[in-house]
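Written below as structure tokens is the structure these notes are about.
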Amino acid sequence: QAQLVESGGGLVQAGGSLRLSCAASGIAFSINAMGWYRQAPGKQREWVAAITGGINTAYLDSVKGRFTIARDNAKNTVYLQMNSLKPEDTAVYYCNAVRHLATTWYPLFGSWGQGTQVTVSS
């Protein structure tokens with residue numbers, strides 16, 4: 001099964017920046033669309049951003065213009081650059097391979113990594 005290891009989270013003040021990384025193994029990385037999800041305390045996991053094998057990108061409306069997703073196929077790694085962070089961005093962030101179905105970016109793998117905690121203070 002796929003192995004996905006997220007890193008790069010931390011505690012930052014509002015307006016700060018973080019760059020998350022997701023190292024993937026056990027998948028055909030270069031041909032898979034990849035995405036980031038987040039889960040805040042007491043809330044369901046939600047999709048945040050996606051990047052296709054063709055390097056097309058898509059974002060949740062609330063992060064558009066602040067977050068940028070990118071990938072390095074040679075390193076089997078996907079990134080999420082987060083700028084102008086807000087307290088409402090506080091969550092555990094996860095990555096997964098994704099497929100687009102109707103209006104939803106659907107996670108491909110049932111096994112999630114440990115995620116990385118992002119905490120934004122006001």
Side-chain angles (χ1 to χ4, degrees):
Q1 61 182 1
Q3 298 291 322
L4 303 166
V5 180
E6 301 92 345
S7 63
L11 173 63
V12 298
Q13 291 283 330
S17 298
L18 287 170
R19 191 191 193 204
L20 308 185
S21 297
C22 170
S25 62
I27 66 171
F29 182 84
S30 64
I31 63 172
N32 273 319
M34 298 294 295
W36 286 94
Y37 295 77
R38 66 187 181 187
Q39 187 169 26
K43 299 182 179 179
Q44 294 188 66
R45 193 180 347 246
E46 66 177 348
W47 169 81
V48 175
I51 183 166
T52 70
I55 319 301
N56 185 248
T57 60
Y59 300 92
L60 179 68
D61 284 348
S62 63
V63 309
K64 188 175 182 179
R66 300 188 296 119
F67 291 11
T68 303
I69 188 171
R71 66 193 297 162
D72 186 339
N73 289 343
K75 297 180 179 179
N76 286 0
T77 301
V78 62
Y79 305 95
L80 187 67
Q81 177 67 48
M82 305 185 295
N83 299 325
S84 301
L85 283 162
K86 303 175 180 179
E88 52 262 46
D89 296 318
T90 295
V92 178
Y93 284 71
Y94 303 88
C95 65
N96 210 319
V98 295
R99 63 168 67 92
H100 193 230
L101 180 63
T103 60
T104 301
W105 289 92
Y106 191 81
L108 181 61
F109 302 118
S111 296
W112 297 83
Q114 292 296 309
T116 186
Q117 176 72 52
V118 172
T119 303
V120 184
S121 61
S122 60

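- With values rounded to the nearest 0.5 angstrom, L18 atom CG is found 8.5 Å from Q81 atom CD.
- Of all heavy-atom pairs between V78 and C95, the closest is CG1-CB, 4.4 Å.
- In the hydrophobic clustering of ILVMFWY residues, with side-chain heavy atoms under 4.5 Å counting as a link, L108 and I69 come out together.
- Listed by first and then second residue, the side chain to side chain donor-acceptor pair (under 3.5 Å) pairs involving residues 109-122 are Q1-S111, Q13-S121, Q117-T119 (not counting sequence neighbours).
- Among pairs with a residue in residues 48-63, none fulfils side chain to side chain donor-acceptor pair (under 3.5 Å), at least two apart in sequence or across chains.
- Under a 3.5 Å cut-off, the side chain of W105 and the backbone N or O of P107 do not form any donor-acceptor pair.
- What you find for I27 and F109 is that their closest heavy atoms are CG2-CZ, 3.3 Å.
- The side-chain heavy atoms of L4 and M34, taken from C-beta on, include a pair separated by under 4.5 Å.
- Note: F67 CZ to L20 CG = 8.0 Å, rounded to the nearest 0.5 Å.
- Among residues at least two apart or in separate chains, side chain to side chain donor-acceptor pair (under 3.5 Å) pairs with a member in residues 17-41 are S17-N83, R38-E46, R38-D89, R38-Y93.
- The side chain to side chain contact (heavy atoms under 4.5 Å, CB included) with L85 is formed by just one residue from the set V12, T90, V63; it is V12.
- Summarising the geometry of P87 relative to A14, their closest heavy-atom pair is CD-CB, 4.2 Å, with the distance given to 0.1 Å.
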**Request:** Decide yes or no on side chain to side chain contact (heavy atoms under 4.5 Å, CB included) for M82 and V48, but give the supporting numbers first.
**Result:** CA-CA 11 Å; M82 305 185 295; V48 175; over 6 Å; no

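- In the hydrophobic cluster analysis, where Ile, Leu, Val, Met, Phe, Trp and Tyr join through side-chain heavy atoms closer than 4.5 angstrom, V98 is grouped together with V92.
- A distance-only check finds no donor-acceptor pair linking the side chain of D72 to the backbone of T77 [under 3.5 Å].
- N76 CG to Q3 CD: the interatomic distance, rounded to the nearest 0.5 Å, is 13.0 Å.
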**Request:** Given side chain to side chain contact (heavy atoms under 4.5 Å, CB included), test R71 with N73 step by step and report yes or no.
**Result:** CA-CA 6 Å; R71 66 193 297 162; N73 289 343; 2.9 Å; yes

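- The line from OG of S84 to CZ of R66 is 7.0 Å long, rounded to the nearest 0.5 Å.
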